[in-house]
Amino acid sequence: MTEICYITEYINKEVEIRGWVYNKRETSNIVFINIRDGTGVIQVLFLKERFTTIQVNQILSLLVESVISIKGFVRIEKKAPYKEVEVHASLYSILFENTVEFPISKKDHSDGFLMKYRHLWLRSSRQHLILKIRSAVINAVREYFEVNNFTLVDSPIFTASSCEETSTLFNTKWVNNESVYLSQSGQLYQEAACMAFRKTYCFGPVFRAEKSKTRRHLNEFWMVEPEMAFADLDRIIEVAEELICFTVSKVLEKHEKDLSDILERELTILKMLRRPFVRMTYVDAKHKLELLMNKQLEGDFGAPQETELSFMHDRPIVVTHYPAQVKPFYMKRDESDVRFVKCMDILAPEGYGEIIGGSQREEDYESLKKNILNTGLNEYDFSWYLDLRQYGTVVHSGFGMGIERLVAWICGLHHLREAIPFARTIERIRP
RNA sequence: UCCGCGGUAGCUCAGUAGGUAGAGCGAGUGGCUGUUAACCACUAUGUCGGCGGUUCAAAUCCGUCCCGCGGAGCCA
């Protein structure tokens with residue numbers, strides 16, 4: 001059996017392909033069927049004179065997404081819709097004949113309808129490509145860390161305490177009926193790991209019970225979180241920039257044509273991507289925004305401001321030194337101005353906004369303990385974390401990168417839910 | 001949780017001086033052509049989200065509930 005992605009290696013040879021009926025058309029003496037096998041799509045030509053009337057009718061009556069096996073010769077044909085190659089069928093056998101119509105047709109569906117049929121929507125060329133790119137992104141990220149001597153140290157998913165906002169924790173019951181939570185981030189455990197391995201990362205699903213209903217939020221998403229001992233804020237920004245550039249270049253290497261053909265992605269910015277990115281402090285960014293919008297801003301940026309910033313340059317923007325009061329307890333204060341912390345957000349251009357958030361961590365025992373108590377967190381739950389500051393504590397930094405947000409930017413997606421196979425959002429846990 | 005929009009054929013939608021419904025796609029039938037989301041003609045399909053109210057009469061007006069979508073806050 002031949003996979004369609006390799007079919008051009010079999011020109012003028014006989015192949016057997018198996019796949020799903022993607023589309024079919026008929027002329028006076030030919031039946032055309034496009035076959036999709038998961039690795040590609042190819043046009044199969046049935047010359048009516050080579051089959052009985054019963055066979056021709058059987059082929060014509062196949063509903064979309066029925067399964068068929070075909071033997072035939074691969075021929076070069078300029079008019080063929082895929083790869084300028086088509087298969088001239090000599091034998092076929094029907095492996096599964098659908099009796100109900102496939103709910104997804106070639107056009108005109110709302111997002112709600114398609115999400116309801118997400119299990120079938122995955123078969124469309126667009127969704128197929130997006131998930132192929134997601135796979136390429138994840139492989140590139142892992143490759144970057146392997147090449148740069150990071151060690152994969154998985155963080156646990158069940159945790160006894162929060163590491164961010166307690167209000168967005170998914171609560172469940174442990175074996176002994178004690179309350180446990182689904183992790184919102186693996187970071188705290190990476191801080192432990194990097195003191196053992198120097199450079200580590202984790203990659204896994206994280207869970208946030210946010211009641212957000214926007215296209216940039218999911219309640220379950222995948223995050224990659226590197227952590228480095230002896231690295232300060234500047235160093236971690238370099239790593240983040242390198243990681244993004246490396247990943248984008250790997251994806252383009254493999255999928256550049258499909259990105260522009262199938263997703264109609266304008267690729268100029270992705271192809272021009274180089275470090276360093278645009279750097280600005282929170283205060284700078286705020287001034288720029290205030291000038292642009294002609295009004296005063298207070299506190300953290302909201303999503304609209306982030307989007308504005310994100311449109312201002314043709315490469316990602318690194319915003320550093322946010323006010324301490326809007327950031328979590330573990331971030332290191334800036335010695336030159338303690339109102340701010342040594343943190344960074346990286347905003348993707350083209351209106352996509354935040355894809356990375358990171359910081360230098362507080363390594364001083366007393367300061368960290370004070371922050372934990374001030375945040376109203378339970379000292380007992382964080383005793384192991386505080387312990388790290390008693391045994392050989394060092395400057396260290398890390399960040400979290402949202403895989404779906406990166407995929408969404410690279411693919412130019414409107415909504416994050418297309419960037420994950422089965423999105424979990426406030427309104428949808430099925431399929 | 002708050003704000004806004006919506007629920008009419010399998011799908012996407014149109015449908016206000018209130019008079020029990022239409023188009024395109026899909027499906028079926030016929031025709032035409034190496035077709036490309038093929039094309040042309042014809043045919044069938046509806047508890048107009050649920051419940052209650054106003055009215056001679058409700059998809060349309062009122063109340064209420066359910067569901068979906070977008071945004072805010074928060075974040076990756």
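Throughout, protein chains are lettered first and strands after them, A, B, ... in sequence-line order, and every chain is numbered starting at 1.
Here the side chain of A/F221 is nearest to one of B/A76, B/C32, B/C75, namely B/A76. Listed candidates were B/U12, B/U33, B/A76. Nearest to the side chain of A/R405 is B/A76. Residue A/E354 has its side chain nearest to B/C75 when only B/U12, B/C75, B/U35 are considered. You'll find that the side chain of A/H109 is closest to B/C11, out of B/A76, B/U36, B/C11. The A/E86 side chain lies nearest to B/G34 when the options are B/U36, B/G34, B/G70. For A/L416, taking side-chain heavy atoms from C-beta onward, the closest of the listed nucleotides B/G70, B/A76, B/G34 is B/A76. Listed nucleotides B/U33, B/A76, B/U36 differ in distance to A/R25; the shortest reach to its side chain belongs to B/U36. The side chain of A/E77 has B/G34 as its nearest neighbour among B/C32, B/G70, B/G34. Minimum atom distance to the side chain of A/T214 is reached by B/A72, of the listed B/A72, B/U35, B/A76. Side chain of A/Q43, nearest nucleotide from B/C11, B/U35, B/G71: B/U35.
If you take atom P in B/A27 and the same atom in B/C67, they sit 34 Å apart, rounded to whole Å. Distance noted for atom C1' between B/C39 and B/G26: 16 Å (whole Å). With P as the reference atom, B/G52 and B/G10 are 24 Å apart, rounded to whole Å. Between B/G63 and B/C11, the distance separating the two C1' atoms is 32 Å to the nearest Å. The gap from the P atom of B/G6 to that of B/A23 amounts to 24 Å, rounded to the nearest Å. Between B/A59 and B/G22, the distance separating the two P atoms is 14 Å to the nearest Å. Taking the C1' atoms as reference points, B/C13 lies 33 Å from B/U1, given to the whole Å. Comparing the P positions of B/U20 and B/U36 gives an interatomic distance of 42 Å, to the nearest angstrom.
Counting any heavy atom pair closer than 4.0 Å across all strands shown, A/M401 reaches no nucleic acid atom. If you check every strand for non-hydrogen atoms under 4.0 Å, A/L218 touches a base. Using a 4.0 Å heavy-atom distance criterion, A/H415 is classed as a sugar-phosphate-only contact. Counting any heavy atom pair closer than 4.0 Å across all strands shown, A/P81 reaches a base atom.
Counting only N and O atoms by type, the side chains of A/E225 and A/S185 include a donor and acceptor under 3.5 Å apart. Side-chain contact of A/Y189 with A/E227: a donor-acceptor pair under 3.5 Å is absent, judged by distance alone.
By the 4.0 Å N-to-carboxylate-O rule, A/R215 lies too far from A/E418 to be salt-bridged with it. Comment: A/R424 does not engage A/E220 in a salt bridge, judged by the lack of any side-chain N to carboxylate O separation of less than 4.0 angstrom.
Evaluation of atom-type donor-acceptor distances gives a pair under 3.5 Å for the side chain of A/H217 against the base of B/C75. Between the base of B/U35 and the side chain of A/E26 there is no donor-acceptor pair shorter than 3.5 Å.
The one candidate from A/I410, A/L413, A/I420 that meets the side chain to side chain contact (heavy atoms under 4.5 Å, CB included) condition with A/I130 is A/L413. Screening A/E363, A/E191, A/R361 for a side chain to side chain donor-acceptor pair (under 3.5 Å) with A/H396, the sole residue that qualifies is A/E191.
Of the side-chain N and O atoms in A/T27, none sit less than 4.0 angstrom from OP1 or OP2 of B/U36.
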